[in-house]
Q: 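Got a structure for you, questions after.
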There are 2 protein chains.
Amino acid sequence: MAEKEKISQTISRELLNMIEVGKFPPGSKLPTEMELAAHFGVSRIPIREALSVLRAAGVISSRQGGGSYVEERAATFLLHQIRIENDDKEVIKHLFEMRKILEPEAAYLAALRRTPEQLEQMEQALKWLEREFTDEEKMGTEADIEFHRSIILATQNPIMIHMIESLSALYERALKITLEPNLVLKQRRKAALKEHQDILLAIKMEEPELAKIQSVIHLKNAEKKLSLLF
Amino acid sequence: MAEKEKISQTISRELLNMIEVGKFPPGSKLPTEMELAAHFGVSRIPIREALSVLRAAGVISSRQGGGSYVEERAATFLLHQIRIENDDKEVIKHLFEMRKILEPEAAYLAALRRTPEQLEQMEQALKWLEREFTDEEKMGTEADIEFHRSIILATQNPIMIHMIESLSALYERALKITLEPNLVLKQRRKAALKEHQDILLAIKMEEPELAKIQSVIHLKNAEKKLSLLF
DNA sequence: TAATTTTATTTGTAATACAAAATTAATTTT
DNA sequence: AAAATTAATTTTGTATTACAAATAAAATTA
């Protein structure tokens, strides 16, 4: 199950790395597709696929007849390409830092704007989480993510939604890693569930400030739990 | 200067729209590349380019021999593809909402962690902004962005950095639109400059809370200015 | 019925060719 | 000689055809 990688993926990763390392500094011209193809020993096809990924990520831009150039403000990395390893505590810390910034505000906005349908969606997610928590085996990470996701959706801010969505894959993996070895969790399950219920209640009552506070509390407790790991 | 669009771009936009509209719901299988090619009346090449963009954005996933499927949690849109039109006030509002959430926290973190080099970078950007402001003609949008960007970089959080970078193109355009017709700005220039200096000073003194407050003040004033437009 | 093999489908890559845009070199004009 | 125009070259964008490799569907066999 070695998940064989596509050639174009390998190449886009390689090229991105070269750009990050400074082999192709911002503003510089990349080699032509033919040259890259020769260099990597492949045809133009996977080269073009790789370049199109970098283009979509805003790392390079190409002009027909001109060539491909590294963008002046090349995004530092493709979020989809971040791989969290078990020992990769830095990424998890940074991710949690962003959660502490985004989620309380999202809860605030959700309390302001949520539609009845969105409230229903949150309640469904919470019920799912409750079911998962009664089962000793399950961790409920998916339900957890779905709950937080439903709150984000209720903010009605497409940019906020996009940011969280682009983080979700990363978030999911980070959550699994942090929850997996955590035996303390079982004792904290009821407390965690209560925290989720409190957030939802505040959103239901349309109390933005309260929702924000409940979210802060939840994240603070989650962080305590997290700090035991590191 | 009509900026002719590539076929693959047109198609990726079309496909994305179809997905958003529900023509291809999450989890469903897309038509084969051959079918798509026939449908759009092009060869497989631009189809593959379009699909690779959607793949990079996490909207779809493909398996050799299997086909392409819409991801269960397809990102709602590609940030790079958002076009802000002059009458597109909604996007600008949402963008500003995100700035209010992210930037004060970024200033906080920057005050905590900035290296001397990063402080230097911020000061350079501020000087640039001062020069631009003395010139009646120039608006200083680029310098403005560079200043805020230098603060973000000093947070040392790669996820934060990535988020802002991915927003920067959008931000730049929004800023130009909001500043362009604003004649009041000239009177507010000194005030705005002072606000920037205050933020930098707090970061220089390594006073996180103060930096956050100064950032909030700055954004509050900017929002007042903005509210005149809408 | 269940497991295995075969067949067909579909994406991934290759090679070649040409169109279209941009860059560079050459030419002409002033 | 300098500037403008034109021509030639380079380079990306798209098309066509072909085949490899992985998956999914169908047929076969136990």
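Below, read A as the first sequence line, B as the second, and so on, with proteins coming before strands; counting in each chain starts at 1.
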Q: To the nearest angstrom, how far is A/L30 atom CG from D/dT11 atom C1'?
A: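 One finds 13 Å between C1' of D/dT11 and CG of A/L30, rounded.
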Q: Return the value, rounded to whole Å, for the distance between atom CZ of A/R63 and atom P of D/dT10.
A: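 Distance, rounded to whole Å: 18 Å.
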Q: Mapping A/E49 and B/G65 to their closest nucleotides on DNA chain C, which lands nearer the 5' end?
A: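 Closer to the 5' end of DNA chain C: B/G65.
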Q: How many Å lie between CD1 on B/I45 and P on C/dA17, as a whole number?
A: 15 Å
Q: Using atom CD of A/E33 as one end and atom C1' of D/dT11 as the other, report the distance to the nearest whole Å.
A: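 Taking atom C1' of D/dT11 as the reference, CD of A/E33 is at 8 Å.
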Q: I need the CZ-C1' distance between B/F40 and D/dA15, as an integer number of Å.
A: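 About 17 Å, once rounded to whole Å.
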Q: So does B/M34 have more than 12 non-hydrogen atoms from other groups sitting under 6.0 Å from CE?
A: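 No, because the 6.0 Å sphere around CE of B/M34 holds 12 heavy atoms or fewer from other groups.
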Q: Return the value, rounded to whole Å, for the distance between atom CE of B/M34 and atom P of D/dT17.
A: 10 Å
Q: Have A/E117 and A/Q121 got a donor and an acceptor in their side chains that come within less than 3.5 Å?
A: no
Q: Expressed in angstrom and rounded to an integer, what is the separation of B/I47 atom CD1 from D/dA15 atom C1'?
A: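 Taking atom C1' of D/dA15 as the reference, CD1 of B/I47 is at 13 Å.
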Q: What's the closest nucleotide to the side chain of B/T32 if the choices are C/dT23, D/dT12, C/dT11?
A: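 When the side chain of B/T32 is considered, C/dT11 is the closest of C/dT23, D/dT12, C/dT11.
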Q: Under the 3.5 angstrom rule, does the side chain of A/H94 hit a backbone N or O of A/E90 as a donor-acceptor pair?
A: yes
Q: Anything under 30° is parallel, anything over 60° is perpendicular, the rest tilted; go ahead and classify B/H148 against B/H218.
A: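 Because their plane-to-plane angle is under 30°, the rings of B/H148 and B/H218 count as parallel.
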Q: Where each residue is assigned the nucleotide of DNA chain C containing its nearest heavy atom, which of A/S8 and A/G66 is assigned the position nearer the 5′ end?
A: A/S8
Q: Does any nucleotide pair with C/dT13 by Watson-Crick or G-U wobble geometry, both distances under 3.5 Å, and what is it?
A: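 Pairing partner, where one exists within any strand: D/dA18.
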Q: Is the shortest side-chain N to carboxylate O distance from A/R149 to A/E146 below 4.0 Å?
A: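 Yes, this pair counts.
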Q: Does the C/dA22 base have a donor-acceptor partner in the side chain of A/Q64 within less than 3.5 Å?
A: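 Check fails, no donor-acceptor contact within cut-off.
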Q: Who is the Watson-Crick or G-U wobble partner of D/dA30, with both distances under 3.5 Å?
A: C/dT1
Q: Quick one: which of D/dG13, D/dT14, C/dG12 gets closest to the side chain of B/R44?
A: C/dG12
Q: Taking atom P of C/dA14 as reference, at what distance in whole Å does atom CZ of B/R48 sit?
A: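 These atoms are roughly 11 Å apart.
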